[in-house]
Amino acid sequence: MKATGIVRRIDELGRVVIPKEIRRTLRIKEGDPLEIFTDRDELTLKKYSPIATLEKFSKATARSLNDLSGKLALICDTDGVLHAFGDGKKELDGQTLSPDMDRILRERRSYVASIAEGGDVIPITTAREEGVTAQVIVPIVSGGDLLGAVAVLSKEEGAKMNVNEMNLAKLTADILANQFE
């Protein structure tokens with residue numbers, strides 16, 4: 001653990017303010033859930049990711065999506081890529097989501113784009129993956145809460161996402177969302 005040198009007092013209701021600089025660095029937004037851990041005299045707050053709690057299930061789901069679509073498949077929480085399977089997996093696994101992806105998630109609507117059809121293919125991560133020519137992004141929403149997204153990406157020249165890829169991504173997002181109902 002790294003010391004910040006910042007000290008805060010607990011108020012009469014047991015609240016403590018997390019400084020803006022730390023919230024910005026850790027991408028903690030108003031309303032984000034935090035998990036509380038204790039160890040003897042230490043208290044640790046960790047950003048909570050419901051999708052990450054389904055580690056094996058979400059990983060297997062991403063693998064199945066890749067197998068069925070033949071394209072790069074991603075499972076993301078609201079901060080980054082949790083699992084990637086397919087060509088380009090290594091450059092995406094564990095990467096932080098881009099501001100464009102954050103916007104898509106906040107809007108809670110599916111996004112389909114293909115360069116071949118004149119669409120605007122957005123970067124999924126801040127690392128700005130190279131060569132993506134078509135994409136489908138479907139938010140994972142359960143009980144009104146945004147949990148993350150499922151994405152299917154193609155790097156094939158002239159690729160277009162058809163109804164099959166869209167339906168696979170929607171089905172995958174629904175299956176993951178249903179784990180929380």
Side-chain angles (χ1 to χ4, degrees), residues 27 29 31-33 47-181:
R27 298 176 52 129
K29 299 177 274 309
D32 281 352
K47 203 165 175 186
Y48 178 70
S49 170
I51 296 294
T53 64
L54 297 175
E55 176 72 24
K56 289 180 183 176
F57 185 74
S58 60
K59 189 174 187 176
T61 305
R63 181 180 289 125
S64 295
L65 181 57
N66 167 251
D67 290 345
L68 291 169
S69 69
K71 296 180 174 33
L72 179 58
L74 309 175
I75 305 292
C76 309
D77 65 8
T78 56
D79 290 321
V81 177
L82 297 175
H83 307 291
F85 281 93
D87 183 32
K89 163 191 172 34
K90 289 189 182 186
E91 69 184 63
L92 292 170
D93 247 347
Q95 294 292 325
T96 304
L97 297 184
S98 71
D100 290 323
M101 186 67 170
D102 284 339
R103 180 182 45 78
I104 298 283
L105 292 178
R106 275 194 316 274
E107 292 172 0
R108 296 175 188 223
R109 62 180 176 83
S110 297
Y111 185 81
V112 182
S114 168
I115 291 174
E117 295 175 322
D120 186 21
V121 172
I122 66 157
I124 302 294
T125 68
T126 54
R128 298 198 170 270
E129 53 283 342
E130 297 295 320
V132 175
T133 58
Q135 64 190 174
V136 171
I137 302 166
V138 178
I140 302 167
V141 179
S142 177
D145 293 330
L146 176 67
L147 305 177
V150 172
V152 178
L153 311 177
S154 179
K155 293 185 174 188
E156 296 173 19
E157 193 170 324
K160 298 175 185 174
M161 291 295 173
N162 62 37
V163 71
N164 292 334
E165 282 95 1
M166 183 61 154
N167 287 339
L168 280 172
K170 281 183 177 180
L171 177 62
T172 303
D174 286 347
I175 289 169
L176 289 166
N178 286 332
Q179 300 304 305
F180 297 96
E181 290 182 0

Visitor: If the threshold is 4.0 Å, N to carboxylate O, is there a salt bridge linking Glu55 and Lys59?
Guide: no
Visitor: With a 4.5 Å limit on heavy-atom distance, are the side chains of Met161 and Met166 in contact?
Guide: no
Visitor: Please output the side-chain donor-acceptor pairs of residues 142-154 that fall under 3.5 Å, not counting sequence neighbours, one pair per line with the distance.
Guide:
from	atom 1	to	atom 2	distance (Å)
Ser142	OG	Ala177	O	3.2
Ser154	OG	Glu156	N	3.2

Visitor: Passes side-chain contact (heavy atoms from CB on, under 4.5 Å), Phe85 versus Asp67? Steps please.
Guide: CA-CA 9 Å; Phe85 281 93; Asp67 290 345; over 6 Å; no
Visitor: Any salt bridge between Arg27 and Asp102, counting N to O under 4.0 Å?
Guide: yes
Visitor: Please tabulate, for side-chain N and O atoms in residues 71-84, each donor-acceptor pair with protein atoms closer than 3.5 Å (sequence neighbours left out).
Guide:
from	atom 1	to	atom 2	distance (Å)
Lys71	NZ	Glu165	OE2	3.2
Asp77	OD1	Asp79	N	2.8
Asp77	OD1	Gly80	N	2.9
Asp77	OD2	Ser49	OG	2.9
Asp79	OD1	Lys47	NZ	2.7
Asp79	OD2	Lys47	NZ	2.9
His83	NE2	Ser58	OG	3.1

Visitor: What distance do Asp32 atom CG and Tyr48 atom OH have between them, rounded to the nearest 0.5 Å?
Guide: 13.0 Å
Visitor: Do Thr96 and Thr125 have side-chain heavy atoms sitting under 4.5 Å apart?
Guide: no
Visitor: Which pair of heavy atoms, one from Ser114 and one from Ala159, lies closest together, and at what distance?
Guide: OG-O, 2.6 Å
Visitor: Write down the atom of Ala173, the atom of Ile140, and the distance for their closest heavy-atom approach.
Guide: O-CG2, 3.8 Å
Visitor: With the side chain counted from C-beta on, respond yes when Asp120 and Ile115 share a heavy-atom pair under 4.5 Å apart, and no when they do not.
Guide: no
Visitor: Whether the side chain of Asn66 engages the backbone of Ala62 through a donor-acceptor N/O pair (distance < 3.5 Å, no angle test) should be reported.
Guide: no
Visitor: The test is side-chain contact (heavy atoms from CB on, under 4.5 Å); show your working for Asn164 and Leu68 and say whether it passes.
Guide: CA-CA 10 Å; Asn164 292 334; Leu68 291 169; over 6 Å; no
Visitor: Search all heavy atoms of Ile122 against all heavy atoms of Glu129 and return the closest pair with its distance.
Guide: O-OE2, 4.1 Å
Visitor: Does the pair Met101 and Ile137 meet the rule for a side-chain contact (heavy atoms from CB on, under 4.5 Å), with working shown?
Guide: CA-CA 9 Å; Met101 186 67 170; Ile137 302 166; 3.6 Å; yes
Visitor: May I ask you to test the Lys170-Thr172 pair for a side-chain heavy-atom distance under 4.5 Å?
Guide: no
Visitor: Going by heavy atoms in the side chains, are Leu168 and Leu65 under 4.5 Å from each other?
Guide: yes
Visitor: Going from OH on Tyr111 to CG on Asp100, what distance comes out if it is rounded to the nearest 0.5 angstrom?
Guide: 8.0 Å
Visitor: Return each pair, listed once, that meets salt bridge (charged side-chain N to carboxylate O under 4.0 Å, His left out) where at least one residue sits in residues 81-97; pairs must be two or more places apart or across chains.
Guide: Lys89-Asp93, Glu91-Lys155
Visitor: Does some side-chain heavy atom of Phe57 sit less than 4.5 Å from a side-chain heavy atom of Leu176?
Guide: yes
